[in-house]
Amino acid sequence: MMPSRDGPRINEMIEEPIVVLIDDEGENRGEVSVADAIEIAIEAGLDLVEVSPNMKPPVCKILDYGKFKYQAQKKANEARKKQKTIEIKEIKMRPNIDTHDYDVKMKAIRRFFDNGDKVKVTLRFRGREMAHQELGLQLLHKVRDETVEISKVESHPKLEGRQMVMVLAPK
């Protein structure tokens, strides 16, 4: 069984003449020649695996290489599973939003922050509402002020065509 190039070197692939050997019981045997270490590993029915190649001399361990690779793969999968991907949730509003509708949107924003997601607040202007952009800006500032203790502004309100956009991130 040949290991991939990115994995640790095993048995005859170890190039150093002297290695620090840790046997299959986990005991340090001190500095041993590679040939002797391989012989000990073969007698135990296991492989000689280089676990710390950057040490002088490198540290090698006698273990089952297949099991070692499997455990490393399992550990990597577990770490990937625990990783949190941050999503950007969007909340759309209008400048003349009703108070109840505003409260419902704010509740949703708080829920998104509790889940660790970023929130993009989009304010859409229609028709003559474009003439009163200051009302939209006031509304976005109100959203920012109400969430100041649980969020930080990642991108300040800016006008993009007929909509004003602001991005908030959880603290």
Side-chain angles (χ1 to χ4, degrees), residues 1-93 104-123 140 143-158 160 163-171:
M1 159 176 28
M2 294 300 280
S4 61
R5 295 207 188 283
D6 58 329
R9 294 185 288 202
I10 65 166
N11 299 335
E12 286 79 24
M13 295 177 75
I14 300 168
E15 294 152 3
E16 298 290 322
I18 302 283
V19 294
V20 173
L21 180 66
I22 297 171
D23 63 17
D24 50 326
E25 276 101 45
E27 289 182 37
N28 189 342
R29 292 249 190 123
E31 293 186 8
V32 181
S33 74
V34 172
D36 292 343
I38 291 172
E39 210 171 286
I40 294 167
I42 291 170
E43 282 174 20
L46 300 169
D47 300 301
L48 182 68
V49 180
E50 192 175 42
V51 289
S52 294
N54 300 331
M55 302 289 286
K56 285 290 175 211
V59 178
C60 293
K61 206 171 189 179
I62 295 176
L63 46 84
D64 183 354
Y65 182 68
K67 189 176 178 183
F68 174 74
K69 236 170 64 169
Y70 173 74
Q71 293 292 345
Q73 182 71 39
K74 220 163 112 176
K75 214 177 279 184
N77 286 343
E78 201 63 37
R80 202 172 311 126
K81 216 180 281 180
K82 287 185 178 144
Q83 227 172 36
K84 171 78 172 111
T85 54
I86 297 174
E87 292 182 40
I88 297 183
K89 302 286 189 171
E90 187 173 19
I91 293 286
K92 293 183 179 179
M93 294 185 186
V104 169
K105 301 275 187 184
M106 288 307 292
K107 200 179 284 182
I109 289 173
R110 285 193 180 87
R111 190 177 66 241
F112 293 150
F113 286 142
D114 290 342
N115 293 338
D117 297 323
K118 293 181 182 180
V119 177
K120 177 180 179 181
V121 183
T122 305
L123 201 63
L140 288 179
V143 169
R144 181 198 62 201
D145 294 341
E146 284 189 24
T147 60
V148 75
E149 54 306 318
I150 57 170
S151 71
K152 58 184 179 283
V153 178
E154 198 165 87
S155 114
H156 292 280
K158 61 178 174 269
E160 296 174 356
Q163 53 190 24
M164 200 174 279
V165 178
M166 173 175 71
V167 179
L168 300 169
K171 276 190 177 174

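Note that the CG atom of N28 and the CG atom of D23 stand 8.5 Å from one another [nearest 0.5 Å]. Distance check: I62 CD1 to I22 CD1 gives 10.0 Å after rounding to the nearest 0.5 Å. Taken to the nearest 0.5 Å, the CZ atom of R144 stands 7.5 Å off from the CE atom of M166. Atom CG in L48 sits 9.0 Å away from atom CD1 in I10 (nearest 0.5 Å). Considering CG of D114 and CD1 of I109, their distance stands at 12.0 Å, rounded to 0.5 Å. Taking CZ of R9 as the reference point, atom CG of D47 lies at 15.5 Å (rounded to 0.5 Å).
Two residues are said to be in side-chain contact when any heavy atoms from C-beta on lie closer than 4.5 Å; L46 and L63 fail this criterion. Between K158 and E160, the closest side-chain pair of non-hydrogen atoms falls below 4.5 Å. You'll find the side chain of C60 reaches within 4.5 Å of the side chain of I14, heavy atoms only. I38 is listed as a side-chain neighbour of E12, based on a closest heavy-atom distance under 4.5 Å. The shortest side-chain heavy-atom distance between I42 and N11 does not fall under the 4.5 Å cut-off.
Under the 3.5 Å distance criterion, the side-chain polar atoms of K105 are matched with a main-chain donor or acceptor of K92.
When all heavy atoms of V34 and E16 are compared, the pair lying nearest together is CG2-O, 2.6 Å. Contact record, F113 with A169: CE2-C, 3.8 Å, taken as the closest heavy-atom pair. Residues P170 and K152 share a closest heavy-atom pair of O-NZ, 3.3 Å. Summarising the geometry of D145 relative to E149, their closest heavy-atom pair is O-OE1, 4.4 Å, with the distance given to 0.1 Å. Nearest heavy-atom pair across L21 and A37 is CD1-CB, 4.0 Å.
Here the options are K56, K61, E31, the test is side-chain contact (heavy atoms from CB on, under 4.5 Å), and the partner is V20; only E31 passes. Of the residues K75, K74, R80, the one that meets the side-chain hydrogen bond (donor to acceptor under 3.5 Å, both in side chains) test with N77 is R80. Each of E90, E154, E87 was checked for a side-chain hydrogen bond (donor to acceptor under 3.5 Å, both in side chains) with K118, and the lone residue meeting it is E154. A side-chain contact (heavy atoms from CB on, under 4.5 Å) with F112 holds for exactly one of I91, I88, L168; it is I91.
Residues satisfying the side-chain hydrogen bond (donor to acceptor under 3.5 Å, both in side chains) criterion with Q71, sequence neighbours excluded, are absent altogether. The side-chain hydrogen bond (donor to acceptor under 3.5 Å, both in side chains) test applied to E146 returns Y102, not counting sequence neighbours. With sequence neighbours left out, the side-chain hydrogen bond (donor to acceptor under 3.5 Å, both in side chains) criterion links R110 to no other residue.
With hydrogens and angles left out, the side-chain atoms of T122 and Q163 include no donor and acceptor closer than 3.5 Å.
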Derivation and outcome, side chain to side chain contact (heavy atoms under 4.5 Å, CB included), residues I40 and R29:
CA-CA 11 Å; I40 294 167; R29 292 249 190 123; 3.4 Å; yes

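More than 12 heavy atoms of other residues, nucleotides or ligands sit less than 6.0 Å from atom NZ of K171.
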